[in-house]
Amino acid sequence: MNIYGIGGVLWQAVRDDDVALVIAVVTLLTVVTVLVMIVVDIVYALLDPRIRYE
């Protein structure tokens, strides 16, 4: 059994010219990336007292 995951879904959508699915997957990946980056910045600021966001 071969499970592709989100990359496989994206690749299949590109091969099938499913523009709506490509946009949805890319948007989902972008939102997840931005949220993870924000969480990392907040945690980093909490752990290191020298960092101050103004």
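Side chains included, hydrogens not; waters and symmetry mates left out as well; all remaining heavy atoms used.
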Taking only distance into account, with no hydrogens and no angle test, what donor-acceptor pairs under 3.5 Å do side-chain atoms of residues 22-32 form with protein atoms, sequence neighbours excluded?
| unit_1 | atom_1 | unit_2 | atom_2 | d |
| --- | --- | --- | --- | --- |
| T27 | OG1 | I23 | O | 2.7 |
| T30 | OG1 | V26 | O | 2.7 |

Test side-chain contact (heavy atoms from CB on, under 4.5 Å) applied to D48 - qualifying residues, sequence neighbours left out: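 If we apply the side-chain contact (heavy atoms from CB on, under 4.5 Å) test to D48, skipping adjacent residues, the hits are Y44, R50, I51.
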Common cluster, L10/I6, ILVMFWY with side-chain heavy-atom separation under 4.5 Å: yes
Joint hydrophobic cluster, V19 plus W11, side-chain heavy atoms closer than 4.5 Å: no
